[in-house]
Amino acid sequence: MDVAILGAGLAGLACGRRLAEAGLSVRLVDKGRRPGGRAAVRRPRAGGVAVNHGLPALTPEARALLPPLPEELEDAVDVLAAPLEATLGTPVAGVEAGGRLRWDGGGMEAGRVVSTLPRPQARALLGPGVPEAPMAPRWTLIARGTDLAPEALPRGWILGHAPPGAVAVHMAEEESRAALEEEKPVMAARMAARLGLPDDAEVAAHRWRHAHPAGGFGAPFAEAGGVLVGGDWCLGTGIADGAALAIRSGLAMADAVLGR
């Protein structure tokens, strides 16, 4: 394998697509069950509508960096991931010299390793060579059987992208940070009550410990122990521009691998 990419979010997908188009063999490795990372979709176990509970949407700026994609985020992620090999549901336990990756029950070798993990995860895996760059948490409420108008949102809360009859709402950063260790059912009930949702709405909460960058270090990637390390957290601040920042970082790392 020419290149192993840690993380199958937008940075990893953008990086992998550019490398594959240049003729390199690429494998994504991610702990999630599906590609997309924070461009995530919550699908109910027993039917019903799927709700995007990660990025609010792919912005026009983000789309301009990629080939033409479907409007729906889930479909867009599937198109980006289609030509790439992936090992999913697999947290990487270690990266050794020479491009050897270890995980529970297996591993792989690659000529080059690229990390698009959130900064805290990259630091834990790769050590102090990963630059400082804070990330902000968010609690997200997923609700089905109801709708919500943007003017009903408390200050600092963000309405995500959901189909009719469903809602995805991201709690304000500081409120999320203060309640980060609460239980998910507690937060689902608290957020639903705060928004005045009907009692019969089906609600669930998702904790994003590393939701979006809170201050980058001004470069699209860095190098730590021979591994290129990048993601949205390298370049900026805020949830609205995260998709474009992630894609820019992924493409820059691909160009570095290709010697461009």
Side-chain angles (χ1 to χ4, degrees), residues 1-32 35-39 55 58-59 61-67 77 80-81 84 86 92 94-101 108 110-136 210-260:
M1 187 63 59
D2 292 321
V3 184
I5 299 177
L6 310 181
L10 289 176
L13 290 170
C15 181
R17 279 290 294 247
R18 178 159 288 185
L19 293 173
E21 288 168 357
L24 274 62
S25 58
V26 179
R27 179 174 292 277
L28 305 174
V29 184
D30 196 288
K31 68 178 183 178
R38 282 166 283 158
L55 295 170
L58 273 178
T59 62
E61 182 183 7
R63 288 180 177 275
L65 299 169
L66 298 169
V77 166
L80 287 172
L84 304 174
V92 174
V95 179
E96 301 172 356
R100 173 71 182 173
L101 273 60
M108 65 172 289
R112 195 71 188 265
V113 179
V114 173
S115 170
T116 64
L117 300 173
R119 189 263 173 193
Q121 296 175 14
R123 179 69 176 263
L125 186 65
L126 300 171
V130 176
E132 294 289 340
M135 297 196 73
H210 316 303
H212 58 83
F217 59 87
F221 64 89
E223 188 166 351
V227 177
L228 296 184
V229 182
D232 60 352
W233 54 272
C234 299
L235 284 168
T237 298
I239 192 171
D241 299 326
L245 298 177
I247 293 163
R248 282 202 184 109
S249 176
L251 295 177
M253 288 190 287
D255 287 345
V257 171
L258 295 170
R260 294 178 179 172

Asker: Please find the pair of heavy atoms, one from Leu258 and one from Ala22, that lie closest to each other, and give the distance.
Answerer: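 Of all heavy-atom pairs spanning Leu258 and Ala22, the closest is CD2-CB, 3.7 Å.
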Asker: What's the shortest heavy-atom distance between Asp232 and His212, and which atoms?
Answerer: OD2-CA, 4.4 Å
Asker: Determine, stepwise, if the pair Glu61 / Arg248 fulfils side-chain contact (heavy atoms from CB on, under 4.5 Å).
Answerer: CA-CA 10 Å; Glu61 182 183 7; Arg248 282 202 184 109; 2.6 Å; yes
Asker: Please assess Leu126 against Ser115 for the test side-chain contact (heavy atoms from CB on, under 4.5 Å), listing each intermediate value before the final yes or no.
Answerer: CA-CA 9 Å; Leu126 300 171; Ser115 170; 4.1 Å; yes
Asker: As a quick check of understanding, evaluate side-chain contact (heavy atoms from CB on, under 4.5 Å) for Leu117 and Val92, giving each step before the final call.
Answerer: CA-CA 11 Å; Leu117 300 173; Val92 174; over 6 Å; no
Asker: Is any side-chain heavy atom of Asp2 closer than 4.5 Å to one of Leu19?
Answerer: no
Asker: Please enumerate all residues that pass side-chain hydrogen bond (donor to acceptor under 3.5 Å, both in side chains) together with Glu223, with sequence neighbours excluded.
Answerer: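 Here no residue qualifies.
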Asker: Grab the two heavy atoms, one from Leu84 and one from Ala20, that are nearest each other, plus how far apart they are.
Answerer: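 Looking at all heavy atoms of both residues, the closest pair is CD2-CB, 3.8 Å.
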Asker: Which heavy atom of His210 sits nearest to which heavy atom of Pro118, and what is that distance?
Answerer: CB-CB, 3.8 Å
Asker: Among all residues two or more places apart in sequence or in another chain, which pass the side-chain hydrogen bond (donor to acceptor under 3.5 Å, both in side chains) test with Arg63?
Answerer: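 With sequence neighbours excluded, Arg63 shows a side-chain hydrogen bond (donor to acceptor under 3.5 Å, both in side chains) to no residue whatsoever.
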Asker: Begin with the C-alpha distance, continue with both residues' side-chain angles, and end with the deciding distance and a verdict on side-chain contact (heavy atoms from CB on, under 4.5 Å) for Thr116 and Met253.
Answerer: CA-CA 9 Å; Thr116 64; Met253 288 190 287; 3.6 Å; yes
Asker: Is there side-chain contact between Leu6 and Val95, with at least one heavy-atom pair below 4.5 Å?
Answerer: yes
Asker: Which value, rounded to the nearest 0.5 Å, describes the distance between Ile247 atom CD1 and Leu235 atom CG?
Answerer: 12.0 Å
Asker: Does a side-chain heavy-atom distance below 4.5 Å link Leu245 with Pro213?
Answerer: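 SC-SC contact between Leu245 and Pro213 confirmed.
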Asker: Within a strict 4.5 Å, meaning less than it, do heavy atoms of the Leu66 and Arg17 side chains meet?
Answerer: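 No, their side chains stay 4.5 Å or more apart.
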Asker: Taking all atoms of both residues into account, what is the closest heavy-atom pair of Pro131 and Ala222, and its distance?
Answerer: CG-CB, 3.5 Å
Asker: I need the Asp30 CG to Leu13 CG distance, nearest 0.5 Å.
Answerer: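 Reported to 0.5 Å precision, the distance equals 9.0 Å.
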Asker: How would you list, by chain and number, every residue that makes a side-chain hydrogen bond (donor to acceptor under 3.5 Å, both in side chains) with Arg27, sequence neighbours excluded?
Answerer: Glu85, Thr87
Asker: Working to the nearest 0.5 Å, report the span between CG of Leu80 and CG of Leu58.
Answerer: 8.0 Å
Asker: Any idea which heavy atoms bring Ala62 and Ala243 closest together, and the distance?
Answerer: CB-CB, 3.9 Å
